[in-house]
Amino acid sequence: MLTKLAGGKVYDPAHGQDGVVRDIFIRDGRIVDGPGGDTPDRTYDLSGRIVMAGAIDMHTHIGGGKVTIARTLLPEDHRGDPAVREGLMRGGCGHAAPSTLTTGYRYAEMGYTAGFEPAVLPINARQAHMEMADVPLMDVGGYVMLGSDDFFLRLLSSGADQRLINDYVAWTIRSSQCIGVKVVNPGGISAFKFNQRKLDLDEDHTYYGVTPRQILQSLARAVHELGVPHPLHVHGCNLGVPGNVDTTLNTIAGIEGLPMHLTHVQFHSYGTEGDRKFSSGAARIAEAVNANKNITVDVGQILFGATVTASGDSMRQHANAGHANPAKWVCMDIECDAGCGVVPFKYRDQNFVNALQWCIGLEVFLMVEDPWRVFLTTDHPNGAPFTSYPHLIKLLMDRSFRNDMLATINPDAAALSNLGSLQREYSLYEIAIMTRAGAARLLGLSDRGHLGAGAGADITVYRPQDDVEKMFEAPDYVFKDGELVVDHGMIVNVVWGNVHTIRPEYDRSIEGRLKDYFDRYLTMHVDNFPISDWELEGDGRSKILIHPCRTGGRS
Amino acid sequence: MSDQVSVEIRSNVPSPFCGIASDDLQIQVSGLDVRVVANGDAVTTPAFELPVEALKPRVAGVECSLDEACARAAELISRSHYPVFSGFGTDVNDTRAALSLIDRCRGVFDQKRSEPSLRNLLVVADSGWMATTLGEVKNRADVLVVFGTDIEDAFPRFFERFVWNSETLFGQDPATREVIYIGREPSGRAAYAPDGRAPWVLPCPSESWPDVAAALSALARGARLQASEIGGLAIGDLQKVVERLKNASYSVVTWAAGQLDFPNADLTVQQLCQLVVVLNETTRSGVLPLGGQNGDKTAAQVCAWQTGYPTRVSFARGYPEFDPFLFGTDRLLASGEADLLVWVASLSTLPLPVTDVPTIVIARSGMRCEREPEVFIPVGTPGIDHVGHAYRCDSVVALPLYKLRESGLPSAQAVLQGIENALDAL
Ligand SMILES: [Zn+2]
Ligand SMILES: [Zn+2]
């Protein structure tokens, strides 16, 4: 099967193509250089259309225990957005904690073809994968959460050799079938179980006597030395705490040049200036990101409205539970492995703090210079549901729209922000970097996020419109692995995506230690812990893609 | 026939039946015969050892092919205006296939034991909770409060596996753990410490449990109570329980909702959850709702992620809707709203309701029906006849289930897909 996409205006930053009019050929799900003398079976005339790779959401909570806790917590949210069975689409629900099926349809309708669940608890990885397997039309992958698990903390506090830690990290990535490693409130989830209520970057965990700084260094080194393409994915200390901009800057300095990704950095960019002791630290964060090429960030933009915050950070979620709206929440300690907290929330444009959070996120977007190192996220659903991405893109691309919005929010917050003075407008090329090429590069997905030969044919075709929000809301065509799946807003084919993984090498002798540890302390046998390939591929829907690790990472 | 039946021993077999996902079972398999030879218990062993009976489907009591049975089931479903699917009792893939079919025929998803589950789920949806898991209990708990529940009756290995374990991660000697029973008395000695120390038991009649739970929660908040006793328990004793919890480093409050079988039991669960929320203002504590045996929890989890709601979901209007009262199987059958019952239970063999509406049963071979249903399709059991996945009670850990024998029985998933395909062919 040969398909020709003829004459579209191609935005493919991985190949430096900024609006180049050209044809794209797809053969058996992959992009190929040319027709090779064959006549295309199908041709789409894309003249006047904009062509990009399928979008990649590199941080979105689409599967796993806490998402389903959020679902169970919020029946009223589902009632407000029922998703009717229609055509090829099954019934479900949308908004803040959508059903898995609806998640896939709605992402695809916006031209997204991949999403990565950033908080996969090792012990809950099976659930994360089973839920993601029920997200149609999307490639998926996960970052496995470490740093508050007792096996790691015991290694670190006993002064174990870094090589041993690397082996454990590699074993965990493989067991959980993940593609990266995330750390959430380093050590803090564990400390909370010992009744510690805060844990600063250089504060000792009361039981283990190690600090978040040590945890970050050890995990970032492990990820680097194992050759894991995606840098350590860090949800830092003190989420949401005024003054945490200093923590974040110290975190950047403390990693000593190792690659590190700071996630939902908006929530970690707060100062304490002004009458209300809450101010924007975005300029300082952006300056540090601009100066430190080892650092990447995604923003975790908040947008106004009701949503739910679902996080592995049980310590901070418990501290913020009083703000729950509606007034109900779940926190959980999990299996000497991790924890979670789920707190529904309403961001209000007339609320000073929320309005300033909105500004801070946009300031970060606009002041970080290199679009290859900043990523478009709302930390779905924590800052806002993913369905608000087209609106967020418009805020970035259209300064007059942004300033109109700025004029409507809490005036004290607006006055404290430099947002109105920021001239920058993102170009389509830069949006394509942030949501495609950059994300794929950051994760080590060589066959996604671009439109060159060999890429999986995940392709989105937009009709240019004056209102970019409208344009990004409803592409004309979306192709998933070469199959047309969305045609002018209609799902015309339901296919199932790939699971992106890596398989770092490690010394198998760690398994003896793990067996002993599982036998003595945990509640399952170590052999039943790793997720086997049959579990992901057995029913014929998902396919595992294994990406290579860098070689020579080990110093 | 060469009937050289080989005998095989399988180790570390996970149990989908016990609700605490014991995965240390030793099982001997010879032909269709399955024997638990080590680490079984009164719940798990009979569930594994249930003999296979029917191997062929029946329509109106007459044996037929699987295709014929699926075609007849599809016919009944297509004629039905409001089919109710219940049982569940299933693993992940069986539930997925069922939801696909229910969505398509605008039916209802309910469970044999959704009433007990709802006693917890309604609390989550109303106020939330602060929960813990079995592994945290095993390593951290210093005080365990058991409310209104005889744990060992439903979870025979709970104490052995998670309370009287030999060592913990943080140097605590598990033998020193304090166990407090409130309401129901334990039926055996599982809650006795290894040195013979008995649990502290505060028995009271179930009518008083809502008040006792409310009193504990109020006392934890620092309220002074007018009464001097509740359900025969001295307020001073309840105050002592609260003091003990406040002084604990990590206390756990547990119950099995199936044993809180009285009207509005969710309000009692809610009081226990409030108690734990208050305790967490100064120390650490978590609730541990026990339950979810035989695939109850598994089916509810899949339903939650695919529809947004864990159980009692109707697709009648073309999208999932949840109502804990309206969409109950017994109510729908009694009121005459449901005109077809589809019973799906690949793990559980609990009886189905006796009803006059046509009934399709897709159940574990060995399951007995009081009345012959219109269609009976025996299926294999996940974790015995084919691979699968099952959750344990804390909703966090799902275990892989393995195939132990070759029975030739189809999975419920395959049968449900077969029925959906047969609907296409109509
Ligand atoms: Zn996070
Ligand atoms: Zn996140």
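Proteins come first, then strands; the chains are lettered A, B, ... in the order of their sequence lines, and each starts at number 1.
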Query raised in the report: So B:Trp305 and A:Thr103, side chain to side chain contact (heavy atoms under 4.5 Å, CB included) or not? Walk me through it.
Result: CA-CA 10 Å; B:Trp305 78 61; A:Thr103 298; over 6 Å; no

Query - Worked verdict on B:Leu101 versus B:Phe85 for side chain to side chain contact (heavy atoms under 4.5 Å, CB included) - result: CA-CA 10 Å; B:Leu101 180 60; B:Phe85 289 67; 3.8 Å; yes

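Annotation: the span from B:Ser166 atom OG to B:Asp173 atom CG amounts to 10.0 Å, rounded to 0.5 Å. In this structure, A:Asp77 CG and A:His95 NE2 are separated by 5.0 Å, a value rounded to the nearest 0.5 Å.
Ranked by heavy-atom pairs shorter than 4.5 Å toward chain A, the options B:Ala131, B:Gly135, B:Ala398, B:Ala21 are led by B:Ala131. When each of B:Val123, B:Asn280, B:Asp394 is scored by its heavy-atom pairs under 4.5 Å with chain A, the top score falls to B:Asn280. Interface remark: of the candidates B:Glu321, B:Gln301, B:Arg106, B:Gln301 forms the most heavy-atom pairs closer than 4.5 Å to chain A. When the candidates A:Ala324, A:Cys336, A:Gly65 are compared by the number of heavy-atom contacts under 4.5 Å with chain B, A:Cys336 comes out ahead. Heavy-atom pairs under 4.5 Å with chain A peak, among B:Val397, B:Thr307, B:Thr283, at B:Thr283. Your options are A:Thr68, A:Val342, A:Leu73, and the one with the most heavy-atom pairs under 4.5 Å with chain B is A:Leu73. With respect to chain B, the highest number of heavy-atom pairs below 4.5 Å among A:Val330, A:Asp134, A:Asn124 belongs to A:Asp134. The most heavy-atom pairs under 4.5 Å with chain B, out of A:Glu535, A:Arg90, A:Arg520, come from A:Arg90. For the options B:Val287, B:Thr282, B:Val313, B:Val277, heavy-atom pairs under 4.5 Å to chain A are most numerous at B:Thr282. The residue among B:Tyr391, B:Phe162, B:Phe322 with the most heavy atom pairs within less than 4.5 Å of chain A is B:Tyr391.
A tilted orientation is assigned to the rings of A:Phe192 and A:His318, their planes being inclined by 30° to 60°. Relative orientation of the B:His389 and A:Trp534 rings is parallel, given thresholds of 30° and 60° on the angle between their planes.
Of the atoms belonging to A:Arg154, it is side-chain heavy atoms, and not backbone ones, that fall under 4.5 Å from chain B. The part of A:Ala83 that comes within reach of chain B is its backbone (N, CA, C, O), which places non-hydrogen atoms under 4.5 angstrom from that chain. Neither the backbone nor the side chain of B:Asn165 comes within less than 4.5 Å of any heavy atom of chain A. Both the backbone and the side chain of B:Leu99 come within contact range of chain A, with heavy atoms under 4.5 Å apart. Heavy atoms closer than 4.5 Å to chain B are found in the side chain of A:Arg126, but not in its backbone. Neither the backbone nor the side chain of A:Ala128 comes within less than 4.5 Å of any heavy atom in chain B. Using a 4.5 Å cut-off between heavy atoms, B:Pro310 contacts chain A through its side chain alone, with no backbone atom that close. For chain B, no part of A:Leu74 is nearby; none of its heavy atoms comes within less than 4.5 Å. For chain B, the nearby part of A:Asp539 is the side chain; its heavy atoms alone come within less than 4.5 Å. Residue contact with chain B, scored on non-hydrogen atoms closer than 4.5 Å, involves the side chain of A:Asp150 exclusively. Contacts between B:Thr168 and chain A at a heavy-atom distance below 4.5 Å involve the backbone alone (N, CA, C, O). Residue A:Tyr521 touches chain B through both its backbone and its side chain, counting heavy-atom pairs closer than 4.5 Å. Neither the backbone nor the side chain of B:Ile102 comes within less than 4.5 Å of any heavy atom in chain A. For A:Lys66, no part lies under 4.5 angstrom from a heavy atom of chain B. Heavy-atom distances place both the backbone and the side chain of B:Val396 under 4.5 Å from chain A.
Within the structure, every pair that satisfies the salt bridge (Lys or Arg N to Asp or Glu O under 4.0 Å) test and touches residues 309-332 of chain A, not counting sequence neighbours, is listed here: A:Glu76-A:Lys328.
The ring of A:Phe151 has its center closer than 6.0 angstrom to the ring center of A:Tyr517. Residues A:Phe518 and A:His525 place their aromatic rings such that the two centres sit no closer than 6.0 Å. For A:Phe386 and A:Tyr107, the gap between ring centers is short of 6.0 Å. Side-chain rings of B:Tyr250 and A:Phe194 stay apart, their centers remaining 6.0 Å or farther from each other.
With hydrogens and angles ignored, the 3.5 Å screen pairs no side-chain donor or acceptor of A:Asp81 with any backbone N or O of A:Cys93. Formation of a donor-acceptor pair under 3.5 Å by the B:Asp91 side chain with backbone atoms of B:Pro382 is not found in this model.
A salt bridge is defined here as a Lys NZ or Arg NE, NH1 or NH2 lying under 4.0 Å from an Asp or Glu carboxylate O, and B:Glu281 with A:Arg197 fails to meet this definition. A salt bridge links B:Asp24 with B:Arg157: the closest approach of a Lys/Arg side-chain nitrogen to an acidic carboxylate oxygen falls below 4.0 angstrom.
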